[in-house]
Amino acid sequence: MRRGFGYKVRKRLDAERREPVMTWRDRAPLPNGAQAMDKHLLVLVGHVADQSVRFELAEGLHVLGRAAECDVPLPEASISRRHAEMEFAGGRARIRDLGSHNGTRVNGVAVDGWREIGAGDQVALGRATLAIEAGLHSQALMTIVGDHHTSGVAISWQEATGRGGVSTSAASAARGAGKRAELFTVLAEAGNLLISTGAPEDLFEPILDLVDAAAAPGRALIVLLDEATGEPHVRASRVRGGGQAPNLMLSRTVVKRVLGERVSFLIEDAQHDAAFQSQMSIVSAGVHTAMAAPLFDNENVIGLLYADSAEIHDRYTTDELKAFSLLANCVAVALTQARYRVVESEKQRLETELGAARRIMDTLLSEDTPRVAGWELVTHLESCTEVGGDLYDIVPLPDGRVLVATGDVSGKGLGAALLVSSLMPLLRGLAGPGMEPSALVTRLDEILFAITEPIRYATLFVGVLDPASGHLSYVNAGHNPPYVVRADGAVEELPPGGPPVALLGEGDWKRREVTLDQGDLLALYSDGIPEAWNAEDEDYTDARLRNLLSASRTLPIAAIRDAVLTDLAAFVGTAPVSDDVTLVLLRRAG
């Protein structure tokens, strides 16, 4: 479905409650023994619409909802446009619902008014669940601060790889050939990362082992750029002797040069660097010497590698910075290869699942239609993805009548296909002798509503045809109105008579009746036909479909189908296919 299902559900307006904020943030203790959070950043992690998400919120009031203008946009159909708001200040957070359709829950309990939350709590908005991240988050390990001049050493990528000249200090010469041999050994061992078969996260510990061997740091950090935002985040860290690393402050200029210009940076002696002493950032953490190098995978910079030491006798040298830069290059190549492996593995897994789903759908939606005495019958279903959400069924019943159904499940892909695979067997199982369409749809709604996700529903047309008399008893549950094209060319609509199934959990589906005489045509279709658009963003429209069906009504029934599909393809042209296309035609023989 692209633009609706023919039945609008009125939703409650978002409440605009505004209460004065007093001193809730200063109260103690935290509820239910919740852990304290970092005072400057609130981190939400979870899954929304099958996508992993991470939001880092500064202090203040934040609106969560489906609307793009929300502070925390959550593109998920079960979430209201302005679903809830969360306030964060002084390391304390609380949340309240804004009159959403599906409510807000904390740890499974519905939120009524303000509810205080802490690290480790699970917040559910509709179908989406977000966790308040516990402990120090990634940004707590590294803060980018304003620009400060420093007398540290910077070398370009060309210099690090030996293609540019840079002087070697006396301190570097004093370290001697033994240290250089050590570094070459580390670089040789780094090659083993390139043949690893693990995910990127599996490489973090081996990478930190190599940094230990190369620089013997007091602290080491692996910082990667977020693929969505491009912001740097600490993904792994290690502190000599264990424990939690103190927050590291890096100059914005240093970070920009490392990430943007592929420049490696060396702080030889922070205790004697006047700029750092005035800044009281690295000095306050007791750092004596430090190195930062770009994680350059030979095409892109994906982050940076950082090491520092608080030992008074340590002083990293330019030669060590060169080796550290080469190590970072090897690490970056290994991490990028690992990312590609994960993507390829996930692609193969999805292809296997889609293949299985496609075979199931092919079985359910067979093009071999039954023969109905005195009637001509053709069908067509084309999915715009590997598996779709459209369906049709034509089933001879034991009492001589014929069940005729078409439908359109919300969404695309596997989720929609799973509902189709549940709906069709239920439809056939409920369609026993004497079953009327309204009772069938009511029972179908009861079953599906109880077993489907809030965002899953289906528009459905269900008719029971008496082939001998041409009498059709039907229910249209929010589906596109089928057309009865009379032998003289007049066109009648069969309008909706109730909501889609599995949407509300209740409904009143009115049964209607129509009789098809000799030469009359019944056309059932999905919105993939009238709502198909062309390169100029124009819709095919219901009127065009009606007129074409009327004009071609005397052709052989397969030719009518082909005329619709040919005209649709010509109209769409080079525009992308936007939705599944289903067409079922029945004509009473003349």
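Owing to the predicted nature of the structure, the values given are computational and were not obtained by experimental measurement.
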Determine whether a donor-acceptor pair (N or O, by modelled atom type, separation under 3.5 Å) exists between the side chain of [X] and the backbone of [Y].
{"X": "S410", "Y": "Y457", "result": "yes"}
{"X": "T289", "Y": "D314", "result": "no"}
{"X": "E320", "Y": "T317", "result": "yes"}
{"X": "S80", "Y": "H101", "result": "yes"}
{"X": "D71", "Y": "V63", "result": "yes"}
{"X": "Y316", "Y": "A215", "result": "yes"}

Show the numbers, then the answer: is there a salt bridge (Lys or Arg N to Asp or Glu O under 4.0 Å) between E87 and R96? CA-CA 9 Å; E87 188 173 21; R96 69 174 177 179; over 6 Å; no

For a quick test of reading the model, state the closest non-hydrogen atom pair linking [X] to [Y] and the distance between them.
{"X": "P73", "Y": "A67", "result": "CB-O, 4.0 Å"}
{"X": "L259", "Y": "G303", "result": "CD2-O, 3.4 Å"}
{"X": "L74", "Y": "L64", "result": "CD1-CB, 4.3 Å"}
{"X": "L208", "Y": "A220", "result": "CD2-CB, 3.9 Å"}
{"X": "G528", "Y": "D579", "result": "CA-CB, 3.9 Å"}
{"X": "A214", "Y": "L327", "result": "CB-CD2, 4.2 Å"}

[X]: salt bridge (charged side-chain N to carboxylate O under 4.0 Å, His left out) partners, not counting sequence neighbours:
{"X": "D226", "answer": "none"}
{"X": "E299", "answer": "none"}
{"X": "E382", "answer": "none"}
{"X": "D202", "answer": "none"}

Answer yes or no: does atom CG of D112 have more than 12 heavy-atom neighbours from other residues, nucleotides or ligands under 6.0 Å? no

Could you go through Y306 and R219, starting from their C-alpha distance and side-chain angles, then the distance that decides it, and tell me whether this counts as side chain to side chain contact (heavy atoms under 4.5 Å, CB included)? CA-CA 8 Å; Y306 174 87; R219 167 175 53 184; 4.3 Å; yes

Any heavy-atom pair between the side chains of [Y] and [X] that's under 4.5 Å?
{"X": "L304", "Y": "P232", "result": "no"}
{"X": "M86", "Y": "L42", "result": "yes"}
{"X": "R235", "Y": "F204", "result": "yes"}
{"X": "V48", "Y": "P75", "result": "yes"}
{"X": "I222", "Y": "V234", "result": "no"}
{"X": "L98", "Y": "H83", "result": "no"}
{"X": "V45", "Y": "L130", "result": "no"}
{"X": "I132", "Y": "D121", "result": "yes"}

Intermediate values then yes/no, side chain to side chain contact (heavy atoms under 4.5 Å, CB included), N329 and F324: CA-CA 9 Å; N329 173 231; F324 193 69; over 6 Å; no

Point-to-point distance, once rounded to the nearest 0.5 Å, from [atom1] of [X] to [atom2] of [Y]:
{"X": "S325", "Y": "I155", "atom1": "OG", "atom2": "CD1", "value": "4.5 Å"}
{"X": "Y340", "Y": "E344", "atom1": "OH", "atom2": "CD", "value": "12.0 Å"}
{"X": "L203", "Y": "E205", "atom1": "CG", "atom2": "CD", "value": "11.0 Å"}
{"X": "L266", "Y": "R315", "atom1": "CG", "atom2": "CZ", "value": "9.5 Å"}
{"X": "I267", "Y": "S309", "atom1": "CD1", "atom2": "OG", "value": "12.5 Å"}
{"X": "S264", "Y": "M291", "atom1": "OG", "atom2": "CE", "value": "9.5 Å"}

Starting from the C-alpha separation in whole Å, work towards a yes-or-no answer on side chain to side chain contact (heavy atoms under 4.5 Å, CB included) for H288 and I312. CA-CA 6 Å; H288 186 76; I312 194 66; 3.6 Å; yes

Not counting sequence neighbours, which residues clear side chain to side chain contact (heavy atoms under 4.5 Å, CB included) with S78? List them please. E76, N102, R127, P454, I455

Under 4.0 Å between a side-chain nitrogen and a carboxylate oxygen: does that hold for [X] and [Y]?
{"X": "R94", "Y": "E85", "result": "no"}
{"X": "E261", "Y": "K256", "result": "no"}
{"X": "E311", "Y": "R240", "result": "yes"}

Please report the C-alpha distance between V258 and V263 in whole Å, then the side-chain angles of each, then the deciding distance to 0.1 Å, and finally whether the side chain to side chain contact (heavy atoms under 4.5 Å, CB included) criterion is met. CA-CA 5 Å; V258 171; V263 170; 5.5 Å; no

For residues 330-339, tabulate all N or O donor-acceptor pairs below 3.5 Å that involve a side-chain atom, not counting sequence neighbours.
| from | atom 1 | to | atom 2 | distance (Å) |
| --- | --- | --- | --- | --- |
| T336 | OG1 | D297 | OD2 | 2.8 |
| T336 | OG1 | A332 | O | 3.1 |

